[in-house]
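Fair warning: this is a prediction, and the values are worked out from it, not measured in the lab.
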Amino acid sequence: MVNKVIFIGRLGKNAEVKTAQNNKEYVVFSLATSESWKNEKGDYENRTEWHRVYAWSNLSSFAKTLQKGQLITLEGKIKYREVSEEVEGVTFKHSIAEIHATSMKRLSKVEVADDPADGASEDDGAAQTEPEIIAPTKRRK
């Protein structure tokens with residue numbers, strides 16, 4: 001069985017550095033992906049989905065250089081976390097989907113002039129090869 005996701009999207013805000021209970025550093029950021037389609041009336045509609053991404057270990061060093069608006073690609077896995085919230089005295093339990101990145105590559109320019117890194121992997125922090133981007137084919141009427 002495989003738990004693997006691949007995203008190409010833009011950061012909603014600068015990556016945020018945090019420290020776990022075991023004093024290990026990690027980075028969290030929101031990634032926006034979009035899709036568009038033609039509705040029944042022939043008009044185009046768009047939808048943006050927001051994904052919460054976590055980068056750990058060597059990958060956090062690269063991830064903390066990411067900035068709002070940058071286009072990146074990442075590979076990772078989905079993890080679900082159970083949370084409880086209390087609203088007006090009633091407790092609600094629900095799951096939150098999180099993306100735990102295993103590799104990332106910057107696809108747009110960096111605003112910080114001194115950042116030499118353009119890609120990283122959870123395993124070794126080494127730069128990744130160019131991702132293969134396949135353009136969607138046009139639908140025939």
What is the minimum heavy-atom distance between Gly9 and Thr33, and which atoms define it? CA-CG2, 4.3 Å

Below 4.5 Å, heavy atoms only, C-beta onward: do [X] and [Y] meet side chain to side chain?
X: Arg106; Y: Leu66; value: yes
X: Ile72; Y: Phe62; value: no
X: Asn46; Y: Tyr44; value: no

Quick one: list whatever passes salt bridge (charged side-chain N to carboxylate O under 4.0 Å, His left out) with Lys41, sequence neighbours left out. none

About how many Å separate [atom2] of [Y] and [atom1] of [X], when rounded to the nearest 0.5 Å?
X: Ser60; Y: Met104; atom1: OG; atom2: CE; value: 8.5 Å
X: Lys68; Y: Leu11; atom1: NZ; atom2: CG; value: 10.5 Å
X: Leu74; Y: Ser103; atom1: CG; atom2: OG; value: 7.5 Å
X: Glu35; Y: Glu49; atom1: CD; atom2: CD; value: 6.5 Å
X: Arg81; Y: Ile96; atom1: CZ; atom2: CD1; value: 4.5 Å
X: Arg10; Y: Gln70; atom1: CZ; atom2: CD; value: 9.0 Å

Do Phe29 and Trp50 share a hydrophobic cluster (ILVMFWY, side-chain heavy atoms under 4.5 Å, transitive)?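 Cluster IDs for Phe29 and Trp50 differ.
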
Shared hydrophobic cluster for Ile6 and Leu71 (ILVMFWY, side-chain gaps under 4.5 Å):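 Shared cluster, no.
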
Does a salt bridge link Glu98 with Arg52, judged by any charged N lying under 4.0 Å from a carboxylate O?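 Salt bridge flag = no for Arg52 with Glu98.
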
In plain terms, say whether Lys18 and Glu16 are close enough for a salt bridge, that is, a side-chain N and a carboxylate O under 4.0 Å apart. yes

Decide whether Ser95 and Glu82 meet the rule of one side-chain donor and one side-chain acceptor closer than 3.5 Å. yes

Testing Val53, Leu31, Thr73 for side chain to side chain contact (heavy atoms under 4.5 Å, CB included) with Phe7, which one passes? Leu31

